[in-house]
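Computed from a predicted structure; not experimentally measured. Reminder, nothing fancy here: chain letters follow the sequence lines and each chain counts from 1.
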Protein chains: 2
Amino acid sequence: MSSIIDVARRAAVSTATVSRVLSKPALVKAATRDRVLKVIEELKYEPNRAARTLRTSRASKILVTVPDISNPFFANIIRGAEEAARHAGYSVILGDTRYDPELESQYALMLLRREVDGLVFLGHRVPDILSDMISEQGSNAAVVNGCEYSPGLPVSSVHIDNAGAAAEMIDYLASLGHSSIGIITGPLASPISSDRLKGVRSAAKRHGIQASLQIGKGDYSVGSGFTEAQKLIRNHAVTAIFCFSDEMAIGASEAVAAAGLSCPQDISVAGFDDIRFARFLRPSLTTIAQPTVEIGLQAVHLLLEIMNDGQESLRNITLPHDLIVRKSTAARKA
Amino acid sequence: MSSIIDVARRAAVSTATVSRVLSKPALVKAATRDRVLKVIEELKYEPNRAARTLRTSRASKILVTVPDISNPFFANIIRGAEEAARHAGYSVILGDTRYDPELESQYALMLLRREVDGLVFLGHRVPDILSDMISEQGSNAAVVNGCEYSPGLPVSSVHIDNAGAAAEMIDYLASLGHSSIGIITGPLASPISSDRLKGVRSAAKRHGIQASLQIGKGDYSVGSGFTEAQKLIRNHAVTAIFCFSDEMAIGASEAVAAAGLSCPQDISVAGFDDIRFARFLRPSLTTIAQPTVEIGLQAVHLLLEIMNDGQESLRNITLPHDLIVRKSTAARKA
DNA sequence: AGCGCATATGTAAAGCATTACATCATGCTT
DNA sequence: AAGCATGATGTAATGCTTTACATATGCGCT
C-alpha cells in the first residue's frame with residue numbers, strides 16, 4: 001500500500017501538493033496536477049481513511065440501527081438511507097438491534113466514540129447512553145429518529161401522520177358498514193402506536209362506534225397478530241380487524257381462517273405499512289402505505305443537515321401516507 | 001472528548017500504561033490499573049478508533065454487499081453476518097448494490113483502501129476491481145462469497161448443494177406424477193442457477209422426462225416469474241412450474257391465476273429459498289429452504305479465519321438445505 | 001554486598017493525511 | 001526599476017494510539 005509520501009517523492013512534490021491535488025485541485029498548476037495524478041494512477045494510491053479521519057475527525061460514516069432487518073418494512077428504509085448516504089459520500093454501518101436495548105446502547109456508543117458521524121435509529125426508544133449527549137447538544141446532536149419520534153426529546157424525526165392514517169382506515173371501515181371493529185396495536189411504549197390508537201378513537205367517536213371498539217395489544221409480530229385476533233374473534237363479535245402492522249394482519253388472517261371463517265366475507269382484515277408482500281397475500285391486504293424508502297432518504301438528509309449546519313434545527317418531517325384498498329376488506333355482511 | 005493523554009495526566013501515569021490497562025491489563029499492577037480505570041470512568045474516555053486503526057491498520061469493520069436488501073432472503077443472511085461480526089468485535093458496513101456492477105466496484109474499493117478488513121459479497125460476480133488483489137493474494141484475500149460461488153477464482157464461499165436441492169425438487173414433482181415440468185431459472189451468468197439447472201436435468205433424465213422439460217429464463221424477480229410462467233402455460237402444457245426463487249414463484253402463481261387456472265389443482269408451483277413469506281402465501285409455497293442466517297454466520301466466520309490465519313485456506317462450505325412441502329404442489333390431475 | 005531476573009512503567013517513534021503558515025517566483029503597476 | 005499582489009508550492013505541526021525498547025524498582029540468591 002503506497003502512502004501520500006510515496007506519491008510525493010515520485011512526483012517530486014511535497015505531500016501538501018498531493019493532498020491538494022485530491023481535495024482542492026484548483027490550487028495546483030495544471031502541469032503539476034497531471035504529473036501527480038499520473039503517479040497516483042501508477043501507484044494505485046488511495047488515501048488512508050483512518051489517517052484522514054484522525055486528522056479531520058470526520059469518519060464519513062453514519063450508523064443506522066434497526067430493530068429487525070429481516071422485516072421488509074425496515075429493509076426498505078435502510079435502502080433509502082443507504083442511497084442518500086452514498087450520494088453524500090458516507091457509508092452506512094448497520095446495527096441490527098433485535099429490539100434489544102442492550103444492543104441499541106452498544107451501537108449508540110459508536111457515536112460517542114466518534115466512530116460514526118451520525119445516527120439514524122429506527123424504532124422508539126432513544127438509547128439511554130445518548131441522553132447526556134442529547135441534553136448537552138440539544139437538537140444539534142447528530143441523531144435522527146426514523147419512522148418513530150420521541151416526544152419530549154429534542155431529536156429530529158421523519159414519519160407519517162400516524163393518527164391521521166389510522167383515522168382514515170376507520171373511516172374506510174365504517175363506510176363499509178363495520179361498527180364492531182377490533183384493533184390490534186403495537187407496543188404501548190411506542191408513540192406512533194399510541195398516536196394510531198388516538199386516531200382510531202377519534203374517528204370511531206365521529207362515527208358513533210367507539211363503544212364497540214375492541215382493543216388487543218400486539219407487538220407488531222405475526223404471532224401476536226394471530227393470538228390477539230383469536231381473542232377478538234372468540235370473545236367479541238368483531239366484523240373487521242385493523243392491525244397496526246402488516247405482519248400482525250397476516251397473523252390475524254390466519255386466525256380468521258383457523259376459526260373457520262373467511263376473509264373478507266366474514267371478517268375484514270386491514271394492516272399497516274404496505275410491506276412488499278402485502279399485495280401477494282390472498283386475499284391481498286388492505287393497508288396503509290408508508291413511503292419507506294423516502295423515510296430513509298429524508299432521515300439521512302436531515303441528519304446531514306444537522307451535521308453540516310451546526311445550527312439549531314429540530315425538525316419533525318411528516319411524509320404522506322396512502323390508504324391502499326385491496327381485497328381483504330369488504331362491506332359488512334347484511 | 002478526552003484523549004489518552006488526559007487520562008494519563010490525571011492518573012499520573014504514561015499513555016503507555018493507559019493503553020495497557022485497556023489492552024493487556026495483566027501487565028499493569030492492580031493498584032495502578034484501578035486508578036486508571038477510575039479516571040477512564042470519570043472522563044468517559046473512549047479510545048479514538050481512527051487513531052487505533054491508523055496505528056494497527058485494523059479497521060474492525062467488514063463490508064457486506066448485497067444486491068437487494070429489501071429481499072428478505074438477503075436480509076436474513078445479513079442478519080447472520082451482523083451477528084457473527086458483532087460477536088467478534090467487528091461492525092458491518094452495508095452496501096446495497098442493486099445488482100449494479102458499478103456500485104459493486106465502488107464498494108469493493110473500500111477493501112483496497114483498507115477502510116474495511118474484509119468483504120462478504122452476496123451474489124455472483126466478483127468485482128473486477130478486486131481481480132488484481134485476488135490474483136496476488138490468492139485465497140488469502142479477505143473476501144468470501146456468500147450463497148453463490150465463483151468457479152475458477154480462489155475465493156472461499158458458503159452455499160448449499162444447489163444441484164442436489166434442485167434434483168430433489170424434481171424427484172418430488174415426478175413422484176406426484178408430473179412429467180411436463182416448466183422451469184424458470186435465474187440469470188445464466190449465476191453459477192448457482194446453472195448448477196440448479198444441471199440438477200434439474202439429471203433428475204429429469206433419471207425419471208425419463210427430460211424431453212418434456214421446458215426452460216424459461218428469469219432473473220429472480222416477481223415480474224420475470226410472471227412473464228415466463230405465462231409463456232410456459234400458453235405455449236406448453238406444463239402441469240408444474242419450478243422457479244429458482246420464491247419471488248418468481250409468486251409471479252408464477254399470479255400467472256396461473258391470471259390464466260384462469262388454479263394452483264395446485266391445475267398447476268403446481270414450487271419456489272426456492274423459503275423466504276419468510278413463503279408460508280403465508282395462499283396456497284402456501286412448496287420450496288427449498290436455505291439456511292440463510294447460517295450462511296451469513298458462516299461466511300463471516302470463514303472471513304475471520306482467513307483474516308486471522310493468514311494461511312492458505314480456500315474453502316467452500318456446503319450447508320444443508322431442506323425441501324419444504326406446502327400446499328402449492330399436488331398430484332397431477334388424473 | 002552484589003548480581004540477576006521479573007515486574008512495572010516510561011520514552012518516543014511510527015502510522016498517514018491535512019492545513020496554517022511561510023516562502024518563492026512571476027508579472028503587473030506606476 | 002522598485003514594489004506588490006497573486007499564484008504555486010513547501011515546511012512542519014497536529015490528530016491519538018500502539019508498541020518496541022529503555023529504565024527503574026524490588027526481590028531472592030550466593
Please classify the nucleic acid contact of [X] as base, sugar-phosphate, or nothing, using heavy-atom distances under 4.0 Å.
X	answer
A:V18	nothing
B:R20	base
B:S19	base
B:T32	sugar-phosphate
B:S3	sugar-phosphate
B:A31	nothing

Atom [atom1] of [X] to atom [atom2] of [N]: distance rounded to whole Å?
X	N	atom1	atom2	answer
B:R49	D:dG15	CZ	P	21 Å
A:I5	C:dT18	CD1	P	12 Å
A:L22	C:dT19	CG	P	12 Å
A:R58	C:dA17	CZ	P	18 Å
A:I40	C:dA17	CD1	P	10 Å
B:L54	C:dA13	CG	P	17 Å
B:R9	C:dG10	CZ	C1'	16 Å
A:N48	C:dT18	CG	C1'	13 Å

Any carboxylate oxygen within less than 4.0 angstrom of a Lys/Arg side-chain nitrogen, looking at [X] and [Y]?
X	Y	result
B:R114	A:E46	no
A:E115	B:R52	no
A:R125	A:E148	no

Measuring from A:E82:CD to B:I93:CD1, what's the distance to the nearest 0.5 Å?
->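 Nearest 0.5 Å value for the CD-CD1 distance: 11.0 Å.
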When the nearest nucleotide of DNA chain C is assigned to A:K24 and to B:A30 on a heavy-atom basis, which residue is associated with the more 5' position?
->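 Closer to the 5' end of DNA chain C: B:A30.
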Closest-nucleotide 5' rank along DNA chain C - winner of A:R52 and B:R52 |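 By nearest-heavy-atom nucleotide position, the 5'-most residue is B:R52.
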Name the residue closer to the 5' end of DNA chain D, choosing between A:S14 and B:T56 according to the nucleotide with the nearest heavy atom.
->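 Going by which nucleotide is closer to the 5' end, it is A:S14.
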A:T17 side chain N/O closer than 4.0 Å to the phosphate oxygens (OP1, OP2) of D:dG10?
->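 For D:dG10, OP1/OP2 do have a side-chain N/O of A:T17 under 4.0 Å.
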So, is A:Y45 near the phosphate of C:dA17, with a side-chain N or O under 4.0 Å from OP1 or OP2?
->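 Checking C:dA17 against A:Y45, a side-chain N or O does come within under 4.0 Å of OP1 or OP2.
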Taking the minimum atom-to-atom distance to the side chain of [X], which one of [options] wins?
X	options	answer
B:I4	D:dT18, C:dC16, D:dT14	D:dT18
B:K29	C:dA8, D:dG10, C:dG15	C:dA8
B:R55	D:dC16, D:dG10, D:dT17	D:dT17

Please determine which of A:S157, A:S150, A:S156 meets the side chain to side chain donor-acceptor pair (under 3.5 Å) test together with A:N316.
->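 So the option named by the test is A:S157.
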Student check: side-chain heavy atoms of B:C147 and B:V158 closer than 4.5 Å |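 Of all side-chain heavy-atom pairs linking B:V158 with B:C147, none is under 4.5 Å.
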